[in-house]
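A short write-up of the structure that comes next.
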Amino acid sequence: MTMNDAFDVMIRTLTDPEFAAIDRLSDLNAVGHRVVHGGGQFSNAVIIDENIMTSIRSSCSLAPLHNPYNLAGIERMKLLLPAVPQVAVFDTAFHQTMPSHAYTYALPHEVCEKEQVRRYGFHGTNHEYVALRAATWLKRPLGELKMISCHLGNGASLCAIDHGRSIDTSMGMTPLEGLIMGTRPGDVDPGAILHLMRSAALNFEQMDRMLNKESGLKGISGKNDMRDILAGAEQGDVRCTRAISAFCYRIRKYIGAYVAALGGLDVLIFTAGIGANSSEIRAGICQGLDLFGINLSRDRNLHNAEQGDVLDVSAPAAIVRILVIPADEERMIARKTLHALCRVRTVEETRMLRSKPVPISVSAHHVHLSQYDFERLFGQGKTMTPRSDLSQPNQFACQETVNLIGPKGRVNRVRILGPSRKESQVEISRTEEFQLGIDAPVRESGDLAGTPGITVEGETGRIELEKGVICAKRHIHMPPEDALAFGLRNRDVVRVGIRGERGLIFGDVVIRIDPNFRLDMHIDTDEANAAEISVGASGFIDSIQHRCYM
Ligand code: ADP
């Protein structure tokens, strides 16, 4: 069957009265396309125009087995539906939040830059879908959960999701890295490849074929369908048994690594063909992970989840919820397609967003302290001494300052902001992180789980905070009247433009609405310096990056 034949079958099926999906093709309002590789350029779904086509084309060398076919699909649908918007939803987009220490290969820097060699990750659409589904099902905000998603199909990958963001994933620059898959080996010593090319005289095409089509479960057992391998093992085929053990062991090893990367774990998710349907493989993977609070319920795990369902297979008292969630990339692609369409700015939306400038406050490093910690630093019974008011009502800068001490260095005279809080929190810039030798995550204020600690020195004492150091996430404080005028809701994420000689657009700016707030955007000194922002500066809301539906 050719690609065009496949499209004809799809269209006949969609318009077949038996399925009653649509009457005619022209009923469609938009088409969402899965595009495997978006390189480093796309962190969101986008409406496809000629520039986007060129970008996808330029990523073909990174995914030669996928992107050319994705492009052909887009071309075909454009021909069939020329007036309908086509949207590209990238497998790599969700992983664009990975920090550089997770996506960097230790290869020569110049070569990596020139050839775009870095880790990108795949299956992002489904990893994001199951993470959202899990949070909704658990009735807990996505922004407070540490999750590992195990997408186990023909292709397989794990993803470490911290507060809704992918921070690491097992596939790399291509879908070859990581887990053992149907026909791909996952992690292999690159020396073994060099050895085979030299000793067995395998050329590039032969090696490409071996790595993509003849390795993995198929390489070990001779079969690539997990159902056949499980049946083979049942009948005593030792190669099948070995394939299953190696498959489960690799995943278990990655789970351990990702618990370390996340600094804990709340939810472990199994998804895709094998993850959602094989209780035996799930049991094999979870074996011996009790240490991490991962305890399967033998009885619950005997069941599998139906499409659209979520199944909790953890033991009732287990610390980590183990959820089985069937993959639903199509639903997520449809959702992302709608989001991309909503992001198209209408004249009215642009008018609303630009209706008012947003004043910008630059927050230098500062510390919030609990009364308990304040007294430990400044003496029993002492309270904070207000020095000047801050832009937000009832908040003040104190006369008191502290010194911050990290493993590499110190930052002196850091202002305390009042009033006192429930938990102490230290907000520093990236530059100061380097100075102190502390790797702090980008977080919203108050979201301190799993953050690094620091030594704080006051007038009368020194304390060790076990956690609380963050690099503050950009945000705008907004009263409801302004939110209404801008057409924004609490926790929407926007892009904010700064005009000037070094003007730039800041993405990932969270909207926080409260009747007690005054309109004000908060950024740190590094960010302000990058845009050469001085006192009294203001920005404008350029566009909505994504809406919050929680
Ligand atoms: P793809 O990665 O191609 O989208 P799927 O997510 O559909 O693949 O997963 C396909 C894999 O799921 C195959 O290896 C298949 O054997 C496996 N699978 C499907 N059902 C079961 C089952 N009941 N038990 C074990 N493996 C299963």
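Start at 1 and go down the list; that is how both ligands and their atoms are numbered. We use all heavy atoms of the structure for the numbers below, so side chains are in, but hydrogens, waters and symmetry mates are not.
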Item to check | Near ligand 1, at a heavy-atom separation below 4.0 Å: residues by chain and residue number | outcome: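 The 4.0 Å shell around ligand 1 contains Gly153, Asn154, Gly155, Asn224, Asp225, Met226, Arg227, Leu230, Ala272, Gly273, Ile274, Asn277, Ser278.
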Next on the checklist: Classify the ring geometry of His151 against His127: parallel below 30°, tilted from 30° to 60°, perpendicular beyond 60°.
Outcome noted: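 If you compare the ring of His151 with that of His127, the planes turn out perpendicular.
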Checklist entry - Using the ring of each side chain (for Trp, its six-membered ring), is Phe42 parallel, tilted or perpendicular to Phe90, with breaks at 30° and 60°? => result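 Phe42 vs Phe90 ring planes: parallel.
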Item to check | Six-ring centre of Phe506, Arg474 cation under 6.0 angstrom, axis tolerance 45° | outcome: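 No, a cation-pi geometry is absent between Arg474 and Phe506.
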Next on the checklist: Assess, by modelled atom type and distance only, whether the side chains of Gln86 and His33 contain a donor and an acceptor separated by less than 3.5 Å.
Outcome noted: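 Yes, His33 and Gln86 have a side-chain donor paired with an acceptor closer than 3.5 Å.
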Next on the checklist: For Thr54 and Asn51, which I'm curious about, is there any donor-acceptor pair between the side chains at under 3.5 Å?
Outcome noted: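 No, no side-chain donor-acceptor pair sits under 3.5 Å.
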Next on the checklist: Restricting to side chain to side chain donor-acceptor pair (under 3.5 Å), what partner residues turn up for Asp208, sequence neighbours left out?
Outcome noted: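 Once residues adjacent in sequence are excluded, the partners of Asp208 under the side chain to side chain donor-acceptor pair (under 3.5 Å) criterion are Asn212.
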